[in-house]
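Heads up: the structure comes next, in structure tokens.
As the structure is a prediction and not an experimental result, all values here were calculated from the model.
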Amino acid sequence: MAVFSSLADKLQETFKKLKNKGKLTEADVAEAMREVRVALLEADVNFKVVKDFVGKVRERAVGQEVLESLTPGQHVVKIVHEELTSLMGSSQSKIVISPKPPTVIMLVGLQGAGKTTSGGKLANYLKKQGRQPLMVAGDIYRPAAIKQLQVLGEQLQIPVFSLGTDVSPVEIARQAMEKASAQGNDMVIIDTAGRLHINEELMDELKNIKATVHPHEILLVVDSMTGQDAVNVAESFNQELGIDGLILTKLDGDTRGGAALSAKAVTGKPIKFVGMGEKLDALEPFYPERMASRILGM
Amino acid sequence: TFNKTIDEDLFEELEETLIQADVGVNTSMKLVETMRRRVKERKLKDASQLREVMKEEIAHILVGDNDELGLNVDKDKKNVILVVGVNGAGKTTTIGKLAHRLKKENHRVLLAAGDTFRAAAIDQLLIWGQRVGVEVIHNQEGSDPGAVVFDACKSLASRRDNVLIIDTAGRLQNKTNLMEELRKVGKILARELPEANVEVLLVLDATTGQNAISQAQLFSEVVNVTGICLTKLDGTAKGGVIVGIRDELKIPVKLIGIGEGIDDLKDFQAEEFAEALFAEEEA
Ligand SMILES: Nc1nc2c(ncn2[C@@H]2O[C@H](COP(=O)(O)OP(=O)(O)OP(=O)(O)O)[C@@H](O)[C@H]2O)c(=O)[nH]1
Ligand SMILES: Nc1nc2c(ncn2[C@@H]2O[C@H](COP(=O)(O)OP(=O)(O)OP(=O)(O)O)[C@@H](O)[C@H]2O)c(=O)[nH]1
Ligand SMILES: [K+]
Ligand SMILES: [Mg+2]
Ligand SMILES: [Mg+2]
């Protein structure tokens, strides 16, 4: 990831010029904040999120601590890193388990984000913890979406509930709950079709599924390569549907992943897992500090 | 919410609009610098003029040196369209739409299910083949993609069909093994169909941010990417990252995807695209 000479280096350069002045002025800090801003924008953190964030960092940076530091550049990076980490919240790869089984998890998001794959990974993860998940094929639109889930189910030896493509997803979800009760599945994972956050009809469909099966966890699956649009998507899904957390996919790539910060900032919901590959065991807990380093190219 | 005159605030607003459209901070700053020069050169006074000039500039970059932005498909030749890109970008769907379009233009189209890896990827392409009414050369899930491509090349050579569209598995551009596998597919094409017109279409998801630059760069290193299809432009993302890609890497955008339906594929229009970059703020 050497695309980006590290923010630390750049800031070091910035501050070198001021070395002899002995004192950091507001203008000096402003210069450093410009570098921070560029670094975050290059990482695809949303524009407005960057604005707020830089404001917050500026306040801290103007203080004594930086002035007295021998290496003000690194000091500013440290502040930026700390603030980023805290913004992204704590490590929370917990799924809330309902005291009254089954626990219902619904996966939602844009087309191609990684919902179906993440559903398989999640089922695999839960099975390894001794649970008995049922996967539900709630995508009746995408060609071979049901088959895709069934193939994953076969690979994992986990049952898949499907009623084909002629029954509404709401009805599929409802009947899946009956099936889970009858079979004694303690986890139900509902795959849904990819959809645009501005598609009212399909957003209503999700609301209806929610109203019918009352999921304990509605997880928004977000592609970590997403750009500025991540805030629109996350905000809409959260407002329309009320999400409980995020899954960030495709982090095995070389993206800096600023979408993580954007989605977290606008929803306030925790990032629960990250996808680290196409294989069904490539699901990991989310570490805010690592993500902060990654966004900063460190 | 616009100032009528050209001032610092306006330049700042322009930069913000570009960044929010995923043009990227460096390309955006560069464009704004160009605008400062234009304002002086042309003695522009009015804010609305400035936005028009900006759109022209972007459209100009996107059109590039050649005005041949269309797909390179020739009725009197054998043509291969190799479709590549990262996971979930829209490759398979684009192939379905493209096959439909070419068939309507009286081409004889053949598809190859080169994604033998992802669960039910072959079934997905088979369904598209059925919808469009074209044959799909395929093998078992888990089999060697090179073998399917080889078979498909043989079929194209021996039949009356004139266009072969090859689906490939999604791969992230930093996965060396998978990228080498793709390079091999490219070599098979060159060897088996040396006379054919080859178009390598990189599918980019418009919701992608700056990582698209790395995608364009690294895919171009293993196969000779000749065009981009920018998908999912029916959402709220603007896909502005292609401005920098066109400018730096000289890869033209040829097609856009505007939905999941069979007809949701359009030729890329630079002016329309530039217009849309500023659409929200004018609304
Ligand atoms: N490298 C990588 N690929 C992933 C990851 N998660 C999903 N994918 C791939 O991304 C592509 C899309 O994944 P799907 O699970 O089909 O996405 P989806 O959100 O269900 O897609 P739709 O149902 O069409 O909306 C597939 O090629 C997956 O293998 C990940 O963490 N890393
Ligand atoms: N809204 C919208 N959705 C699209 C568009 N193009 C593709 N999709 C959807 O995006 C999702 C992924 O599309 P695919 O064609 O499976 O993508 P892919 O690149 O072949 O994915 P992999 O083979 O898993 O890497 C599907 O749900 C498609 O229906 C588009 O232009 N607009
Ligand atoms: K995507
Ligand atoms: Mg799916
Ligand atoms: Mg595909």
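- Listed by chain and number, the residues in a ring-ring contact (aromatic ring centres under 6.0 Å, His included) with B/F273 are B/F268 (sequence neighbours excluded).
- For the options B/L218, B/V241, B/I213, B/I127, heavy-atom pairs under 4.5 Å to chain A are most numerous at B/I127.
- Remark: B/A206 pairs with B/L230, B/L233 by the side-chain contact (heavy atoms from CB on, under 4.5 Å) rule, at least two apart or across chains.
- A/L149 does not touch chain B: none of its heavy atoms, backbone or side chain, sits under 4.5 Å away.
- Here the shortest heavy-atom pairing between A/L152 and B/A119 reads CD2-CB, 3.8 Å.
- Every residue was checked against the ring-ring contact (aromatic ring centres under 6.0 Å, His included) condition with A/F53, not counting sequence neighbours, and none meets it.
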Report the donor-acceptor contacts between chain A and chain B below 3.5 Å as a table, one pair per row.
residue: A/R37; atom: NH2; partner: B/E15; partner atom: OE2; Å: 3.1
residue: A/E42; atom: OE2; partner: B/N26; partner atom: ND2; Å: 2.9
residue: A/D44; atom: OD1; partner: B/Q210; partner atom: N; Å: 3.0
residue: A/D44; atom: OD2; partner: B/Q210; partner atom: N; Å: 2.9
residue: A/K51; atom: NZ; partner: B/E16; partner atom: OE2; Å: 3.3
residue: A/Q111; atom: O; partner: B/K232; partner atom: NZ; Å: 2.8
residue: A/Q111; atom: NE2; partner: B/E260; partner atom: OE2; Å: 2.9
residue: A/R142; atom: NH2; partner: B/Q124; partner atom: OE1; Å: 3.1
residue: A/K147; atom: NZ; partner: B/D123; partner atom: OD2; Å: 3.3
residue: A/H197; atom: NE2; partner: B/T236; partner atom: OG1; Å: 2.8
residue: A/M225; atom: O; partner: B/G209; partner atom: N; Å: 2.9
residue: A/G227; atom: N; partner: B/T207; partner atom: O; Å: 2.8
residue: A/Q228; atom: N; partner: B/D22; partner atom: OD1; Å: 2.8
residue: A/D229; atom: OD1; partner: B/T236; partner atom: OG1; Å: 2.7
residue: A/D229; atom: OD2; partner: B/T236; partner atom: OG1; Å: 3.3
residue: A/K250; atom: NZ; partner: B/N87; partner atom: O; Å: 2.8
residue: A/D252; atom: O; partner: B/N174; partner atom: ND2; Å: 2.9
residue: A/D252; atom: OD2; partner: B/K175; partner atom: NZ; Å: 2.4
residue: A/D254; atom: OD1; partner: B/Q173; partner atom: NE2; Å: 2.9
residue: A/D254; atom: OD1; partner: B/N211; partner atom: ND2; Å: 2.6
residue: A/D254; atom: OD1; partner: B/S214; partner atom: OG; Å: 3.4
residue: A/D254; atom: OD2; partner: B/S214; partner atom: OG; Å: 2.8
residue: A/E278; atom: OE1; partner: B/N87; partner atom: ND2; Å: 3.1
residue: A/E278; atom: OE2; partner: B/N87; partner atom: ND2; Å: 3.2

